[in-house]
Amino acid sequence: MQKPIGIFDSGYGGLTVLKEIKKLLPQYDYIYLGDNARAPYGNRSFDTVYHYTWQCVQWFFKQNCPLVILACNTASAKALRTIQQNDLARNFPQKRVLGVIRPTTEIIGNYSGTDHVGIMATSGTVNSKSYEIEIGKFFPHVKVFQQACPMLVPFIENNEYENEAADFFIMKYLNELLQRSDQIDTILLACTHYPLIKQKIESLLTKKIHVVAQGEIVAKSLVDYLQRHPEIENQISKNKSLHFFTTDDAEDFANHAGLFYGKKVMAQHIEL
Ligand code: DGL
């Protein structure tokens with residue numbers, strides 16, 4: 001029986017994380033689910049994001065996934081804690097669900113020489129204050145400046161991120177962020193959609209700032225996690241398979257996903 005690692009996002013963004021995970025851990029089976037029918041999650045309430053995410057996680061459990069990665073900052077910020085502390089503890093003690101915020105905050109302080117880090121993310125992630133709180137635990141001396149960028153996911157999901165309208169909003173968000181401190185030397189892209197605009201952001205910056213995407217960080221952290229948790233690693237099946245699922249139209253998913261994953265994919269529609 002296949003026991004794949006489940007990778008979840010509200011839409012396509014998690015594919016940027018899956019791509020990096022597959023590079024470091026090609027031996028495992030994977031399934032990816034994008035909840036495209038209900039994306040974006042970024043502006044939704046805590047309750048709604050939790051409800052949607054938990055529904056998707058239970059779908060992964062029905063596909064026999066021993067481990068699910070929430071490759072979505074919004075879901076990691078708003079749903080992960082409740083899932084880990086209530087749902088898994090009560091009903092699925094053998095299963096594991098991990099997010100993308102913890103591995104990123106464990107390391108992000110090391111990128112900054114000035115100890116001033118900017119965060120670009122969805123409104124949901126920013127309002128949750130998860131990055132401020134978590135970075136404070138690992139790097140108490142680091143000052144964190146958050147910028148909500150609500151227009152970016154819609155531009156990226158609709159493949160409209162290379163036009164002047166997108167440039168306008170990227171510039172607006174960058175200016176608002178950098179106005180808050182001239183010492184920011186590191187900007188974390190705390191949304192799994194943003195790697196697609198990393199180069200654009202770098203080209204719009206007028207001074208040297210390190211722009212950090214999280215896919216590779218999350219992938220390295222997963223390698224480490226699986227080494228430390230052989231009881232989980234042993235359960236995951238290892239046939240190098242990869243299947244994509246979406247709650248919306250499968251053909252539409254396949255047409256968009258290549259942009260995020262780097263190559264064309266096939267997808268299947270599911271009903272939750
Ligand atoms: N990719 C998700 C994240 O990392 C955001 C997408 C959304 O707003 O649904 O936050």
Side-chain angles (χ1 to χ4, degrees), residues 6-21 32-57 68-81 83 97-105 108 118-134 146-161 166 169-170 173 187-198 201 211-219 221-222 244 246-248 252-253 256-257 259-261 272:
I7 310 279
F8 171 71
D9 184 43
S10 58
Y12 303 105
L15 294 165
T16 65
V17 177
L18 171 63
K19 189 165 84 179
E20 300 301 329
I21 291 177
Y32 181 93
L33 173 62
D35 189 9
N36 300 79
R38 302 186 292 194
Y41 281 10
N43 299 322
R44 296 192 190 275
S45 71
F46 264 84
D47 274 1
T48 304
V49 173
Y50 161 70
H51 177 70
Y52 288 176
T53 306
W54 177 229
Q55 237 188 335
C56 293
V57 168
V68 178
I69 311 290
L70 304 184
C72 171
N73 287 273
T74 312
S76 300
K78 290 187 159 187
L80 182 61
R81 184 190 294 242
I83 290 174
V97 179
L98 304 174
V100 289
I101 296 180
R102 169 81 189 245
T104 311
T105 54
I108 192 66
I119 308 279
M120 293 173 80
T122 64
S123 305
T125 300
V126 166
N127 293 339
S128 76
K129 295 198 166 53
S130 299
Y131 273 95
E132 256 174 48
I133 295 166
E134 292 295 317
Q146 298 197 92
Q147 178 65 43
C149 309
M151 293 301 289
L152 298 188
V153 168
F155 272 116
I156 296 168
E157 291 256 300
N158 291 295
N159 197 6
E160 295 283 359
Y161 58 92
F169 281 101
I170 297 171
Y173 296 140
I187 294 179
L188 171 66
L189 305 183
C191 172
T192 55
H193 283 67
Y194 298 175
L196 272 77
I197 52 167
K198 183 170 182 274
I201 291 174
V211 181
V212 181
Q214 27 174 206
E216 210 182 307
I217 296 172
V218 173
S221 158
L222 183 58
F244 297 89
T246 173
T247 54
D248 208 345
D252 209 31
F253 183 94
H256 277 80
L259 208 58
F260 294 78
Y261 190 59
L272 287 169

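Start at 1 with the first residue, then count along the sequence. Counting convention: from 1, in listed order, for ligands and their atoms alike.
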Q: Considering only non-hydrogen protein atoms, determine which one is nearest to atom 8 (O) of ligand 1 and report residue, atom name and distance to 0.1 Å.
A: Gly42 N, 2.8 Å
(Q) Can you name the atoms of ligand 1, numbered from 1 with element, that are less than 4.0 Å from a heavy atom of Tyr41? (A) 7 (C), 8 (O), 9 (O)
Q. Any idea which protein heavy atom is nearest atom 6 (C) of ligand 1, and the distance to it?
A. Ser10 OG, 3.3 Å
(Q) Return the closest protein heavy atom for atom 3 (C) of ligand 1 as residue, atom name and distance. (A) Asn73 N, 3.2 Å
**Q.** Sub-4.0 Å atoms of ligand 1 with respect to non-hydrogen atoms of Thr122
**A.** 5 (C), 8 (O), 10 (O)
Q: Verify whether one side chain among Asn73 and Gln214 offers a donor that lies under 3.5 Å from an acceptor in the other.
A: yes
Q: Using the six-membered ring wherever Trp is involved, compare the ring planes of Phe260 and His193 and label them parallel, tilted or perpendicular (cut-offs 30° and 60°).
A: perpendicular
Q. With a 4.0 Å cut-off on heavy atoms, is Ala39 touching ligand 1?
A. no
Q.
Parallel, tilted or perpendicular, judged at 30° and 60°: which one describes the rings of Trp54 and Tyr50?
A. parallel
Q) How far is atom 2 (C) of ligand 1 from its nearest protein heavy atom, and which residue and atom name does that atom have? A) Cys72 SG, 3.4 Å
Q | Asn127 side, atom CG; Thr74 side, atom OG1 - distance, nearest 0.5 Å | A | 10.5 Å
Q.
Rounded to the nearest 0.5 Å, what separates atom SG in Cys72 from atom CD1 in Ile7?
A. 12.5 Å
Q.
Which residue and atom name correspond to the protein heavy atom nearest atom 10 (O) of ligand 1, and how close is it?
A. Thr74 OG1, 2.8 Å
Q: Mind checking whether Asp9 contacts ligand 1 via backbone (N, CA, C, O), side chain (CB onward), both or neither, at a 4.0 Å heavy-atom cut-off?
A: side chain
